[in-house]
Trainee: 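First the structure, which I've put down as structure tokens, then a few questions once you've had a look.
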Protein chains: 2
Amino acid sequence: MRADARRNHERLLIEARAAFAEQGADAPLEEVARRAGVGIGTLYRHFPTRADLLNAVFQEELAELLHRSRELAEADAPCSALVEWLRALIAHAGEYRGLAHALMSASHDRSSALARCSDPLRAAGERLLGRAQEAGQVRADVSIGDLMQLTNAIALAAEQCPEDALLADRLLSLTLRGLKG
Amino acid sequence: MRADARRNHERLLIEARAAFAEQGADAPLEEVARRAGVGIGTLYRHFPTRADLLNAVFQEELAELLHRSRELAEADAPCSALVEWLRALIAHAGEYRGLAHALMSASHDRSSALARCSDPLRAAGERLLGRAQEAGQVRADVSIGDLMQLTNAIALAAEQCPEDALLADRLLSLTLRGLKG
DNA sequence: ACCTGAACACCGTTCAAGT
DNA sequence: ACCTGAACACCGTTCAAGT
């Protein structure tokens with residue numbers, strides 16, 4: 001890749017991250033391009049779809065979340081570790097308004113970059129869930145897919161009620177009481 | 001109201017219902033107007049916002065749901081009645097793609113017609129929840145607000161995965177196990 | 001090889017003119 | 001009093017021309 005192209009790529013990522021955090025995951029792409037000092041066409045050349053751009057922005061956060069999951073996988077209490085992990089996912093989704101919705105929309109479209117982005121999260125969650133189930137702390141008939149869908153749905157609901165800071169916690173607790181095996 | 005205005009009002013409601021059912025709650029308003037044989041300005045005159053139009057369309061469904069809640073309020077098993085009611089809400093949201101999201105977005109804006117539209121639903125749910133709690137079948141610390149948020153979130157998640165017809169059922173069951181007092 | 005931005009498409013919303 | 005639809009605004013996306 002040419003030096004100027006690489007530079008544009010980096011600036012686009014930086015500005016996209018800022019714009020998504022400030023204005024939500026549906027921030028105007030035109031503004032991302034403007035802030036990065038490039039034409040809108042250049043943005044599309046580097047990231048053909050919004051999902052591609054979101055995906056690229058979240059690679060960094062994704063690495064952090066996966067790191068956290070490896071820590072939790074060695075915790076003493078498998079069930080608490082799983083719950084901690086789900087809380088971390090909700091907190092992450094809460095940092096970008098509209099992200100929970102984007103992830104949800106993308107989840108059933110396997111060709112989307114954003115859908116692939118949550119595959120490693122799913123795998124990490126599966127390990128934590130498996131441990132909690134083997135320890136007999138979580139029912140065997142709970143699937144990681146259902147659990148992550150529900151987590152995402154809770155994040156989305158919480159996002160709509162920013163004035164109720166504890167909503168996500170309460171909804172998650174309500175849900176988790178149903179996990180106990 | 002002038003006769004032609006009343007007629008336009010009715011035709012707009014009929015076509016809006018059809019368009020929302022076919023294309024989702026974010027169907028182009030221009031098309032609703034076209035199908036109703038009126039100018040787009042007339043649609044805006046009768047329904048200044050999309051939420052007003054959605055609200056008007058759902059008044060009929062709302063009456064049916066309230067009727068159902070009164071039947072359930074006399075059922076023998078208060079907890080099953082509550083669950084039945086939540087299932088009915090999810091089924092209703094599922095009939096119009098995007099409705100769950102619209103309801104969720106509107107829920108924190110008290111001035112929206114759509115938010116007021118769910119007030120009677122909330123009141124009906126509160127009666128059913130109260131009966132189940134008095135019978136000792138549901139924990140006392142569960143609120144109808146949280147329960148409806150969660151129900152709506154589940155409806156939204158289910159809508160994104162139409163290929164998994166049982167998703168809503170499973171997520172609701174998972175949640176409901178946490179209710180038992 | 002990459003970038004630019006004008007151009008096009010689409011939809012929401014308003015409002016001056018018409019009936 | 002109500003209706004109409006052109007006009008404007010906004011944003012996403014493409015692509016011919018430029019470097």
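Throughout, protein chains are lettered first and strands after them, A, B, ... in sequence-line order, and every chain is numbered starting at 1.
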Trainee: Return the value, rounded to whole Å, for the distance between atom CG of A:Asp52 and atom C1' of D:dG12.
Mentor: 15 Å

Trainee: When the distance from CD of B:Glu31 to P of C:dC10 is rounded to whole Å, what number comes out?
Mentor: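 In whole Å, C:dC10 P and B:Glu31 CD are 13 Å from each other.
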
Trainee: When the distance from CG of A:Asp4 to C1' of C:dT4 is rounded to whole Å, what number comes out?
Mentor: 13 Å

Trainee: Given Watson-Crick or G-U pairs with both distances under 3.5 Å, what dot-bracket string fits DNA chain C, with | for other-strand pairs and [ ] for crossing?
Mentor: ||.|||||...|||||.||

Trainee: Taking C-beta and beyond as the side chain, do A:Asp52 and A:Tyr44 meet within less than 4.5 Å on heavy atoms?
Mentor: no

Trainee: Hey, what are the protein-to-nucleotides 13-19 of chain D N/O distances that come in under 3.5 Å?
Mentor:
| residue | atom | partner | partner atom | Å |
| --- | --- | --- | --- | --- |
| D:dT13 | OP2 | A:Tyr44 | OH | 2.5 |
| D:dT13 | O5' | A:Tyr44 | OH | 3.4 |

Trainee: Can you tell me if the side-chain N/O atoms of A:His46 get under 4.0 Å from OP1 or OP2 in C:dC2?
Mentor: no

Trainee: Rounded to whole Å, how long is the line connecting atom CZ of B:Arg11 with atom C1' of D:dC3?
Mentor: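 These atoms are roughly 14 Å apart.
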
Trainee: Rounded to the nearest angstrom, tell me the gap between atom CG in B:Leu12 and atom C1' in D:dC3.
Mentor: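 Going from CG in B:Leu12 over to C1' in D:dC3 covers 12 Å.
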
Trainee: Checking B:Ser143 side chain against B:Asp146 main chain: does a donor-acceptor pair fall under 3.5 Å?
Mentor: yes

Trainee: Return the value, rounded to whole Å, for the distance between atom CZ of A:Phe47 and atom P of D:dG12.
Mentor: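 Result: 16 Å.
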
Trainee: Assess whether salt bridge (Lys or Arg N to Asp or Glu O under 4.0 Å) is satisfied between A:Arg35 and A:Glu31, documenting all intermediate values.
Mentor: CA-CA 6 Å; A:Arg35 283 162 61 153; A:Glu31 189 179 316; 3.3 Å; yes

Trainee: Which residue pairs pass the ring pair (Phe, Tyr, Trp, His ring centres under 6.0 Å) test with at least one member in residues 4-23 of chain B, sequence neighbours excluded?
Mentor: B:His9-B:His46, B:His9-B:Phe47

Trainee: For a 4.5 angstrom cut-off between non-hydrogen side-chain atoms, does A:Phe58 reach A:Leu99?
Mentor: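 Yes, close enough: below the 4.5 Å cut-off.
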
Trainee: May I ask you to say whether A:Arg87 pairs ionically with A:Asp169, meaning some side-chain N is under 4.0 Å from a carboxylate O?
Mentor: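 Looking at A:Asp169 together with A:Arg87, the answer is yes, because their closest N to O distance falls below 4.0 Å.
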
Trainee: If you measure from the Lys or Arg side-chain nitrogens to the Asp or Glu carboxylate oxygens, is any gap between B:Glu30 and B:Arg34 under 4.0 Å?
Mentor: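 No, B:Glu30 and B:Arg34 are not salt-bridged.
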
Trainee: I need the CD-P distance between B:Gln23 and C:dC10, as an integer number of Å.
Mentor: 14 Å

Trainee: For the backbone of B:Gln23 and the side chain of B:Arg97, can you confirm whether one donor and one acceptor N or O come within less than 3.5 Å of each other?
Mentor: yes

Trainee: Has A:Asn8 got a side-chain N or O lying under 4.0 Å from the OP1 or OP2 atom of C:dC2?
Mentor: no

Trainee: Return the value, rounded to whole Å, for the distance between atom CZ of A:Arg34 and atom C1' of C:dT4.
Mentor: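 Taking atom C1' of C:dT4 as the reference, CZ of A:Arg34 is at 16 Å.
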
Trainee: Nearest 0.5 angstrom please: A:Glu84 CD to A:Arg68 CZ, how far?
Mentor: 5.5 Å

